[in-house]
Structures are given as structure tokens and as C-alpha cells.
**Q** 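Dropping the structure in here first, questions after.
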2 protein chains.
Amino acid sequence: MGVTKTDLFTPTQNELSAIAKALAHPARIAILEYLLECQSCITGSIVDKVGLAQPTISQHLRELKAVGLVQGTVEGTAVCYCINPEKWRAIQALWNGFFDHYQAPDTTACC
Amino acid sequence: MGVTKTDLFTPTQNELSAIAKALAHPARIAILEYLLECQSCITGSIVDKVGLAQPTISQHLRELKAVGLVQGTVEGTAVCYCINPEKWRAIQALWNGFFDHYQAPDTTACC
DNA sequence: TTTATTCATCGTAATATTGCAATAAAGTAT
DNA sequence: ATACTTTATTGCAATATTACGATGAATAAA
């Protein structure tokens with residue numbers, strides 16, 4: 001059906017997966033890495049850097065904005081994008097919390 | 001087109017996004033959280049816990065196995081699943097490396 | 001051998017994602 | 001006002017994902 005049954009899951013589970021979904025495309029990773037490197041730049045630079053068509057980049061930027069990882073401000077005809085520091089750290093902490101829950105089993109597990 | 005242009009991106013970008021994709025569904029987060037909690041269990045327990053049909057859970061488990069987060073061993077008619085410790089830590093380190101690249105801008109960025 | 005039990009796979013319907021050409025919107029410059 | 005620049009939006013085609021019923025495979029129990 002292609003439709004996720006979000007009502008079966010906790011808010012945290014839905015939030016974690018929503019963030020993961022925003023990161024689940026190499027173009028969006030590439031955009032974030034570029035923003036990490038240049039700190040802030042306009043859409044056109046990202047289009048040149050990543051190598052996808054401008055509408056496609058615009059779409060990926062919208063997804064990154066939707067989860068708050070990225071923010072953009074209008075600068076004349078251009079739009080300047082950068083990483084949202086608070087959200088960035090919050091998401092890092094959220095994932096670390098998830099991964100840190102792992103404890104090596106005291107006895108050897110079945111597999 | 002629904003088909004990702006992986007050739008435009010670096011191996012690391014493709015790997016990071018592939019891992020994120022495996023985590024990009026609340027059912028798979030729920031499965032991992034359950035495995036964190038019970039250390040190891042059979043498919044039937046996961047089906048009961050998560051509340052999706054058995055073939056659906058089987059499909060999600062296959063995706064988690066594909067990125068190596070989870071491993072399963074046959075135990076009679078059942079299959080016992082648990083988290084792959086090495087891969088778990090490797091993936092945690094990979095994401096931390098990604099998130100740690102962020103540096104707050106020295107001057108106020110454009111946005 | 002027959003009957004359960006447990007799980008993976010197949011097939012399929014509904015929906016989502018990816019990518020781009022065309023176009024719209026909104027500012028800048030001439 | 002006209003032309004130009006830059007970006008978002010729309011519409012669409014190709015493909016991927018999600019979910020489940022039906023079925024198959026493989027072991028265990030009777």
C-alpha cells in the first residue's frame with residue numbers, strides 16, 4: 001500500500017524515522033555536506049555542486065527544511081541556505097541516544 | 001523517475017543514505033528498539049510486539065539485515081534475531097562523524 | 001506419514017519518491 | 001515597462017516502498 005501505519009508507533013519512533021527519511025537520499029547528504037563546508041550559500045551553488053536539475057534540488061531542500069535541518073532566507077532574487085545549529089545538535093543527540101541504548105549481551109545471544 | 005542517481009555521489013554519501021533509508025521507517029525503529037530491549041528473540045515475538053502482519057515484518061527484517069544492523073540464525077522452525085554489535089557501533093561512529101563535522105559559524109551566516 | 005509451527009517468498013494493490021521540463025513568482029537592472 | 005536572474009511550484013513519467021493474503025519450505029510433534 002505504500003502508506004506507513006504511523007498510529008502503531010510511538011511519537012519518538014515516528015520522529016526518528018522521519019529524520020532518517022530526510023537523510024535517506026545521497027543528494028540530501030551531499031547538500032548537507034556542502035553546507036557544512038561553505039557554511040552558507042545560495043540554491044544555485046548547490047545545484048552546480050550536486051549536479052541535479054534545479055527543481056530537483058529545490059525539492060530536496062524543501063525536505064531538509066521540513067525536518068528543520070536547514071533554513072533559508074531570501075536575499076534579493078536568491079535564497080541563502082545554511083544549517084540550523086540547534087536542530088542539528090538536537091538531531092545528533094537524538095540519534096546518539098538511540099544508538100547508545102545498545103548494550104553488549106552478558107551471555108552469548110542465540111545468534 | 002523514482003530512481004536515485006547514485007553515480008553522482010561519493011561512496012560515503014551513498015552509504016550514509018543507505019543506512020538512513022534502513023532506519024527510515026517506524027516499524028524498523030520499533031524492531032531495533034525491541035531487539036535492544038530483549039537482546040534476542042524470534043520473528044513471532046517481533047510480529048506480536050510491532051503489530052504488523054508477519055510478511056511485512058519479515059520484509060522489514062530483511063532490510064535491516066541487508067545493511068547489517070541485524071542478524072538472524074535458524075533455531076528449529078524459528079529464526080532468532082539480534083543486533084550485530086560491530087555493525088551497530090560502526091554505524092553509530094559513521095553518523096557521529098557526519099554530525100561532528102558541524103562547526104558553528106564564526107561570523108553570523110546569511111540566514 | 002500426517003499435522004502443526006514458524007518463517008520467507010511471491011504476487012499484487014495502494015501509495016510514495018525521484019527527477020525534470022515547463023511555468024510561475026518575485027526581485028533587479030536597464 | 002521590459003528584460004533578466006533566481007528560485008519555487010506544477011505536472012507528469014518512471015520507479016520504489018509499504019502492506020498483506022496466499023503459498024512454499026523446513027523443522028518439529030503426533
Side-chain angles (χ1 to χ4, degrees), chain A residues 1-9 13-14 17-31 35 40-67 70-82 110-111, chain B residues 1-9 13-14 17-31 35 40-67 70-82 110-111:
Chain A
M1 297 153 179
V3 62
T4 299
K5 292 192 165 180
T6 52
D7 52 303
L8 284 178
F9 309 104
Q13 287 165 348
N14 283 314
S17 60
I19 295 164
K21 198 188 240 177
L23 299 169
H25 195 289
R28 295 195 286 272
I29 299 289
I31 290 171
L35 287 176
S40 83
C41 62
I42 64 173
T43 310
S45 304
I46 301 174
V47 171
D48 293 344
K49 181 74 176 182
V50 176
L52 289 168
Q54 178 266 318
T56 308
I57 295 297
S58 198
Q59 206 170 347
H60 284 307
L61 281 168
R62 183 167 52 187
E63 290 184 61
L64 290 173
K65 268 193 292 184
V67 293
V70 149
Q71 58 195 177
T73 50
V74 178
E75 299 262 325
T77 61
V79 176
C80 181
Y81 282 98
C82 67
C110 73
C111 45
Chain B
M1 295 151 182
V3 61
T4 299
K5 291 190 162 180
T6 52
D7 52 304
L8 284 178
F9 309 104
Q13 288 165 347
N14 283 314
S17 60
I19 295 164
K21 198 188 240 176
L23 299 169
H25 195 288
R28 295 194 286 273
I29 298 289
I31 290 171
L35 287 176
S40 81
C41 62
I42 64 172
T43 309
S45 305
I46 302 174
V47 172
D48 293 343
K49 181 75 177 181
V50 176
L52 289 169
Q54 178 266 319
T56 308
I57 295 296
S58 199
Q59 208 169 344
H60 285 307
L61 281 168
R62 183 167 51 187
E63 289 184 61
L64 290 172
K65 268 194 292 184
V67 293
V70 150
Q71 59 196 173
T73 51
V74 177
E75 297 264 325
T77 61
V79 176
C80 181
Y81 282 99
C82 66
C110 73
C111 46

**Q** Should A:Leu61 and A:Tyr81 be marked as a side-chain contact (heavy atoms from CB on, under 4.5 Å) after you check the CA-CA gap, both sets of side-chain angles, and the distance that decides it?
**A** CA-CA 9 Å; A:Leu61 281 168; A:Tyr81 282 98; 3.6 Å; yes
**Q** Take atom CG of A:Leu64 and atom P of C:dT17, then tell me their distance rounded to the nearest Å.
**A**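 Computing the A:Leu64:CG to C:dT17:P distance gives 14 Å.
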**Q** So, does A:Ser17 use its side chain to make a donor-acceptor pair with the main chain of A:Gln13 at under 3.5 Å?
**A**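 Flag set: sc A:Ser17 to bb A:Gln13 pair under 3.5 Å.
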**Q** How long is the line joining CD1 of A:Ile46 and P of C:dG19, in whole Å?
**A**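 Roughly 15 Å, once rounded to whole Å.
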**Q** How far apart are the closest heavy atoms of B:Leu64 and B:Ala22, and which atoms are they?
**A**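 Closest heavy-atom pair between B:Leu64 and B:Ala22: CD2-O, 3.9 Å.
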**Q** OP1, OP2 of D:dT17 versus side-chain N and O of B:Lys21: anything below 4.0 Å?
**A**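 Indeed, a polar side-chain atom of B:Lys21 lies that close.
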**Q** Want to settle it: does B:Gln59 or A:Ile42 sit nearer the 5' end of DNA chain D, counting the closest nucleotide to each?
**A**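 The 5'-side residue here is A:Ile42.
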**Q** Taking any heavy-atom pair under 4.0 Å as a contact, classify A:Ile57: base, sugar-phosphate, or nothing.
**A**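 Answer is nothing: A:Ile57 stays at 4.0 Å or more from every strand.
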**Q** Under 4.0 Å between any heavy atoms, over every strand shown, what does A:Thr56 touch: base, sugar-phosphate, or nothing? Just pick one.
**A**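 Answer is base: heavy atoms of A:Thr56 come under 4.0 Å of a base.
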**Q** Taking C-beta and beyond as the side chain, do A:Pro26 and B:Thr4 meet within less than 4.5 Å on heavy atoms?
**A**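 Yes, side chains in contact.
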**Q** Answer yes or no: does a side-chain N or O of B:Tyr81 lie under 4.0 Å from OP1 or OP2 of C:dA8?
**A**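 The answer is yes; a side-chain N or O of B:Tyr81 sits under 4.0 Å from OP1 or OP2.
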**Q** Look at the rings of A:His60 and A:His25 and say which category their plane angle falls in: under 30° parallel, 30 to 60° tilted, over 60° perpendicular.
**A**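 Rings of A:His60 and A:His25: tilted, as their planes differ by 30° to 60°.
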**Q** Any idea which of C:dC7, D:dA19, D:dA16 is nearest the A:Lys5 side chain?
**A**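 The closest nucleotide is D:dA19.
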**Q** Between B:Arg62 and C:dC7, is there a contact of a side-chain N or O with OP1 or OP2 at under 4.0 Å?
**A**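 Looking at the OP1 and OP2 atoms of C:dC7, neither is under 4.0 Å from any side-chain N or O of B:Arg62.
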**Q** Compare side-chain N and O positions of B:His60 against OP1 and OP2 of D:dA19 and report whether any pair is under 4.0 Å apart.
**A**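 True: B:His60 side-chain N/O within range (under 4.0 Å) of D:dA19 OP1/OP2.
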**Q** Can you work out whether A:Thr77 or B:Leu52 has the more 5'-proximal nearest nucleotide on DNA chain D?
**A**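 Taking each residue's closest nucleotide, the earlier one in sequence belongs to A:Thr77.
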**Q** NA contact type, A:Leu61, heavy-atom cut-off 4.0 Å: base, sugar-phosphate, or nothing?
**A**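 No contact.
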**Q** With DNA chain C as reference, determine whether A:Gln54 or A:Val74 sits nearer its 5' end, using the nearest nucleotide of each.
**A**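 Going by which nucleotide is closer to the 5' end, it is A:Gln54.
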**Q** Starting from C1' on D:dT6, measure out to CG on A:Asp48 and report it in whole angstrom.
**A**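 Between C1' of D:dT6 and CG of A:Asp48: 12 Å.
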**Q** Mind checking A:Ser58 for me? I need base, sugar-phosphate or nothing, with any heavy atom below 4.0 Å counting as a touch.
**A**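 Base, at least one base atom sits under 4.0 Å.
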**Q** If each of A:Glu63 and B:Pro55 is mapped to the nucleotide of DNA chain C with the nearest heavy atom, which maps nearer the 5' terminus, i.e. the 5' end?
**A**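 In this pair, the answer is B:Pro55.
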